[in-house]
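Heads up, the thing below is written out as structure tokens.
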Amino acid sequence: MKIFSGTANPLLAGHIASELGTTVSPLEIHVFPDGEKRIRILDAVLDENVCIVQPASPPVDQNYMELFLLVDAAKRSGAKSVTVICPYLGYERQDHIFRSGEAVSLAVIRTMLEAVGVDRLLIFDPHSIKIREIFRIPVVHLSALPLFAQEIRNHSWSISDTVLVTPDMGGIRRIKLLSNALNQMPYCVIKKNRDLETGEVTAEKIEGPIRKRAIIVDDMISSGKTIVTATNLLVKRGAKEVFVFATHPIFSQDAPKVLQNSVVQKIFVTNTVAVPKEKQFPKLTVLSVAEILAGELQK
Ligand code: R5P
């Protein structure tokens, strides 16, 4: 198998390749003055299985376009199959029409990925449960939950003073899976609201127990508003320590600053999305999904 990487997360591609005892194959990505890109695969891929690593993280549209061009280049060069590792699938939050007149962004992404010729898609902790219904190509859902469970076990936190927290109803399935992996650690659910126009996040209700230590688990952190709102509510209701585990560190706007200045003790994320130096902060720990991805490619 030949592994190629777009520009969104070359470090992850390198780690996957080294887990597999190989290296990332060379590409030429030329950017024209107007921003358009010309992609050229430099290795022969005729009749080869090709894997392309490119999360659709910000700048989402640019990274998607680069991915489409990479797949097209591989197909036109005679690749036998193209597996795309898009661990963070941008636009998946808009998986249906919330208000009349809206586009279904995830359906558009599906159309594009299938049209350029992706044969198989590997993603991590999808936000949408509709992905398998929407896509016609095989989509492998991988999860960072085993990494999170191990990290939580490493802390030897007592089950009697710790509670897992989902900051919204959409995370119920995720929190139940993690609770099962941690000897039925108790969990609670925060009822969150997001104003569809302003993006403001509010939360006033928690269903389930509160303990001294709260561990918030989410699929992604974008603006950080969900985490900060959930943390403030948990502290108001009696939690003394708050830890956060989230798969995708999107970190838009001034999220790193907001999170570092919050009362959260530590934030664990994964490298599904690259965190550039300027977005790293002392409370942040990045766990690697490379081994999980390499294992999947070896199946
Ligand atoms: C929303 O339903 C997701 O699970 C995340 O909670 C959300 O996307 C995080 O976004 P932000 O950090 O902007 O609140």
Side-chain angles (χ1 to χ4, degrees), residues 55-60 86-99 102 104-106 109 123-131 134 141-145 148 164-179 187-208 214-235 242-264 266-270 272-276 279-281 283-284 286:
S57 49
V60 181
C86 186
Y88 171 67
L89 195 70
Y91 279 115
E92 62 165 327
R93 279 175 286 183
Q94 184 77 17
D95 63 354
H96 66 277
I97 294 173
F98 293 86
R99 296 169 302 171
E102 291 178 346
V104 181
S105 314
L106 180 59
I109 295 304
I123 57 174
F124 258 85
D125 290 329
H127 178 81
S128 170
I129 49 163
K130 299 190 182 173
I131 290 191
I134 289 181
H141 289 192
L142 298 166
S143 178
L145 289 183
F148 294 168
L164 300 171
V165 183
T166 174
D168 58 42
M169 292 297 289
I172 281 264
R173 209 184 129 265
R174 195 175 308 124
I175 212 78
K176 283 186 180 165
L177 286 171
L178 192 57
S179 164
Y187 64 86
C188 66
V189 183
I190 293 184
K191 298 273 177 72
K192 167 185 111 175
N193 280 312
R194 186 188 294 271
D195 186 306
L196 288 177
E197 267 157 35
T198 64
E200 275 324 297
V201 175
T202 49
E204 271 152 31
K205 210 170 161 210
I206 303 180
E207 273 181 12
I215 302 177
I216 301 176
V217 184
D218 210 350
D219 55 343
M220 68 180 85
I221 302 177
S222 180
S223 66
K225 285 179 185 166
T226 299
I227 296 302
V228 170
T229 307
T231 300
N232 292 343
L233 182 62
L234 287 161
V235 169
V242 179
F243 293 84
V244 173
F245 287 79
T247 307
H248 310 295
I250 306 301
F251 293 164
S252 39
Q253 301 160 342
D254 57 353
K257 200 169 144 201
V258 167
L259 294 166
Q260 178 61 29
N261 293 340
S262 72
V263 299
V264 171
K266 264 188 151 212
I267 297 169
F268 296 86
V269 296
T270 78
T272 55
V273 170
V275 184
K279 289 196 174 182
Q280 292 171 14
F281 51 99
K283 288 182 180 176
L284 185 72
V286 182

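Counting starts at 1 for both ligands and their atoms, following the listed order.
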If you count the atoms of ligand 1 from 1 in the order shown, which ones are under 4.0 Å from a heavy atom of [X]?
{"X": "D219", "value": "3 (C), 4 (O), 5 (C)"}
{"X": "I221", "value": "12 (O)"}
{"X": "K192", "value": "1 (C), 2 (O), 6 (O)"}
{"X": "R194", "value": "7 (C), 9 (C), 10 (O), 11 (P), 13 (O), 14 (O)"}
{"X": "R93", "value": "8 (O)"}
{"X": "S223", "value": "11 (P), 12 (O), 13 (O), 14 (O)"}

_Tell me whether ligand 1 is touched by P167 - counting only heavy atoms on the residue side and a distance under 4.0 Å._
no

*Are L284 and F251 side-chain neighbours, meaning at least one heavy-atom pair lies under 4.5 Å?*
yes

*Student check: side-chain heavy atoms of V60 and Y91 closer than 4.5 Å*: yes

*asked:* With respect to V201, determine whether any N or O atom, backbone or side chain, lies less than 3.5 Å from an N or O atom of ligand 1.
replied: no

*Looking at atom 5 (C) of ligand 1, what's its closest protein heavy atom, distance included?*
D218 OD2, 3.3 Å

*Looking at CG of D125 and NE2 of H141, how far apart are the two atoms once the value is rounded to the nearest 0.5 Å?*
10.0 Å

*Taking the inter-plane angle between the rings of Y88 and H248 on a 0 to 90° scale, is it parallel (under 30°), tilted (30 to 60°) or perpendicular (over 60°)?*
tilted

*Give the contacting part of D168 toward ligand 1: side chain, backbone, both or neither, where contact means a heavy-atom distance below 4.0 Å.*
side chain

*Under a 4.0 Å heavy-atom limit, does T226 contact ligand 1 with its side chain, its backbone, both, or neither?*
both

Are more than 12 heavy atoms, taken from residues, nucleotides or ligands other than [X], located less than 6.0 Å from that residue's [atom1] atom?
{"X": "I172", "atom1": "CD1", "value": "yes"}
{"X": "R173", "atom1": "CZ", "value": "no"}
{"X": "E204", "atom1": "CD", "value": "no"}

*Taking the side chain from E92 and the backbone from H127, do they hold a donor-acceptor pair closer than 3.5 Å?*
yes

